[in-house]
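Reading through the structure tokens given below for one structure.
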Amino acid sequence: MNTLRRAAHVTLTVAAIAVATACSAGGTTAPAASVTGAAGTATQAPATQARDVKTAALAPRAASQTARKTGKPKLGIADITPMGEKVERVGVGFPIIVTFDRAVRDRAAAEAVLQVQAQKPVEGAWRWVSDRKVVYRTKTFWKPHQKVLLTARLSQIPGNEAAKDVSRRFAVGTANISVVDTKRHVMKVRRDGKLAKTIPISAGRGGLPRNGVDVYLTTTGVHLAMGKKRVETMTSSWLGVTDPKDPLYYKLEIPWAVRISDSGEYVHQSAGDYQFLGKSNQSHGCVRATPAGAKWFYGISQRGDVIQVTGTKRKLDWRNGWSYWQLSWTQWKRGSALPAGSASASATASPSASPSAAQAGLQGQDALQG
């Protein structure tokens, strides 16, 4: 079922994220960490850097503290997504999203002071998606069960010496990778590489074209879990239908809803119509599942988990939510503000981390299609 809900509360987020809902809808010593700068260059860093945010890397302290006594910072950070290790565990596809407090005039300078450290390194790079927001994505999926540290040395930006340096450490949990086969009407969920559950589903039925796009089709591509709610209210307002007398009108309270796009796609419990699960596609765009399957999937879901949908003619746009894996690695790196060729491929990548569809580089679809 589909819905148009702006600034909807998401259980796993501290602040609400504006969305257009469209659905039928440690204490131990860490191993040595790789230090990946904005250019993607990897080197070995002492284990203590990845173990403790407070001791990570805010240097040189003396020079920085002296500089901060005069002037005002010209650039700060308004938000970092996802939350830190004490709040949530994230999936292996998770992006690091840094939103600055104002438009960034010198993107290269800002990007150059952003550093990512991982206990189990993979190559990564930044891409600017707006004048205030930059996103870090890895070449292949993160390896599970590790810590990743982001450090933003804002005081090292020329003219910004009065700014406070910022750091956040993330906890990567189990590798939950799901494949939704809309032709066979089944979702297979693998956890750390092992098949954990096969769930009968019903995907978007299609049949409602709007501006050349069938908005009742589930989008094919590599989605990421963006949040979840125990019960989500889904309505037809995304279609502009608000009159209860209209045949297309609906307003439903849907259990076990895991959001996978900004255009309102969820994996959720089917609101009845269980006879279609595993047999045919009948939703308005979401992935409907059995009550037991939806509840189980909700329970294991982490933001950044991978949900790959296959079998429909409607392609997922890379700008739709956290669908950054729709771009190939070459395409992704073009969004960096640093000079071409400055990135290094010296980090070790997992040989089977990413599904082939993540390299498809699908572009050109209208973002946030309902």
Side-chain angles (χ1 to χ4, degrees), residues 1-11 13 16-25 180 182-183 185 187 199-220 223 226-295 297-298 307 309 311-317 319-321 365-370:
M1 309 197 177
N2 288 302
T3 128
L4 181 55
R5 291 172 57 83
R6 299 291 177 188
H9 170 75
V10 178
T11 300
T13 60
I17 302 174
V19 301
T21 310
C23 190
S24 104
V180 176
T182 63
K183 292 185 176 180
H185 318 296
M187 177 171 70
I199 304 172
I201 62 95
S202 181
R205 67 175 180 241
L208 187 63
R210 293 290 175 91
N211 298 319
V213 177
D214 191 338
V215 298
Y216 271 2
L217 284 179
T218 309
T219 55
T220 283
H223 304 70
M226 302 175 66
K228 62 183 181 180
K229 284 189 73 174
R230 168 62 180 79
V231 177
E232 179 66 277
T233 302
M234 298 185 179
T235 79
S236 56
S237 59
W238 69 279
L239 284 170
V241 177
T242 58
D243 184 354
K245 296 180 181 180
D246 192 302
L248 294 178
Y249 176 85
Y250 60 83
K251 182 177 181 180
L252 299 169
E253 300 295 316
I254 304 298
W256 314 122
V258 178
R259 183 161 61 95
I260 62 173
S261 77
D262 265 355
S263 60
E265 294 161 300
Y266 286 75
V267 177
H268 64 69
Q269 177 180 319
S270 182
D273 293 333
Y274 301 135
Q275 69 273 22
F276 298 119
L277 299 177
K279 296 180 180 180
S280 65
N281 295 325
Q282 298 294 329
S283 85
H284 296 166
C286 283
V287 177
R288 297 177 178 177
T290 61
K295 183 177 181 179
F297 186 76
Y298 177 95
I307 301 95
V309 177
T312 77
K313 295 181 179 180
R314 184 183 176 189
K315 304 302 181 182
L316 176 63
D317 187 273
R319 298 159 294 185
N320 187 349
Q365 305 296 318
D366 291 334
L368 307 184
Q369 295 168 345

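Residue numbers start at 1 and run along the sequence shown.
R288 is listed as a side-chain neighbour of D273, based on a closest heavy-atom distance under 4.5 Å. In this structure, T219 and E265 have side chains that are in contact, with non-hydrogen atoms separated by less than 4.5 Å. The side-chain heavy atoms of L239 and Y216, taken from C-beta on, include a pair separated by under 4.5 Å. V309 places none of its side-chain heavy atoms less than 4.5 Å from the side chain of L316.
Formation of a donor-acceptor pair under 3.5 Å by the S237 side chain with backbone atoms of G240 is not found in this model.
For D246, the salt bridge (charged side-chain N to carboxylate O under 4.0 Å, His left out) test picks out no residue, with sequence neighbours left out. Applying the side chain to side chain donor-acceptor pair (under 3.5 Å) criterion to T242, with sequence neighbours excluded, gives no partner residue.
The aromatic ring centres of Y250 and H284 sit less than 6.0 Å apart.
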- request: Under the side chain to side chain contact (heavy atoms under 4.5 Å, CB included) rule, what do D262 and M226 come out as? Steps first, then yes or no, please.
  value: CA-CA 9 Å; D262 265 355; M226 302 175 66; 3.5 Å; yes
message: Apply salt bridge (Lys or Arg N to Asp or Glu O under 4.0 Å) to residues K245 and D243 and explain how you reach the verdict.
response: CA-CA 5 Å; K245 296 180 181 180; D243 184 354; over 6 Å; no
task: Evaluate the side chain to side chain contact (heavy atoms under 4.5 Å, CB included) criterion for residues W256 and E232: first the C-alpha distance (whole Å), next the side-chain angles of each, then the deciding distance (0.1 Å), finally the verdict.
output: CA-CA 8 Å; W256 314 122; E232 179 66 277; over 6 Å; no
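Residues I201 and A203 approach most closely at CD1-N, 4.0 Å, considering heavy atoms.
Here the OG1-CZ distance, from T312 to R314, works out to 8.5 Å after rounding to the nearest 0.5 Å. With rounding to the nearest 0.5 angstrom, the CG atom of N281 is 7.0 Å from the OG1 atom of T218.
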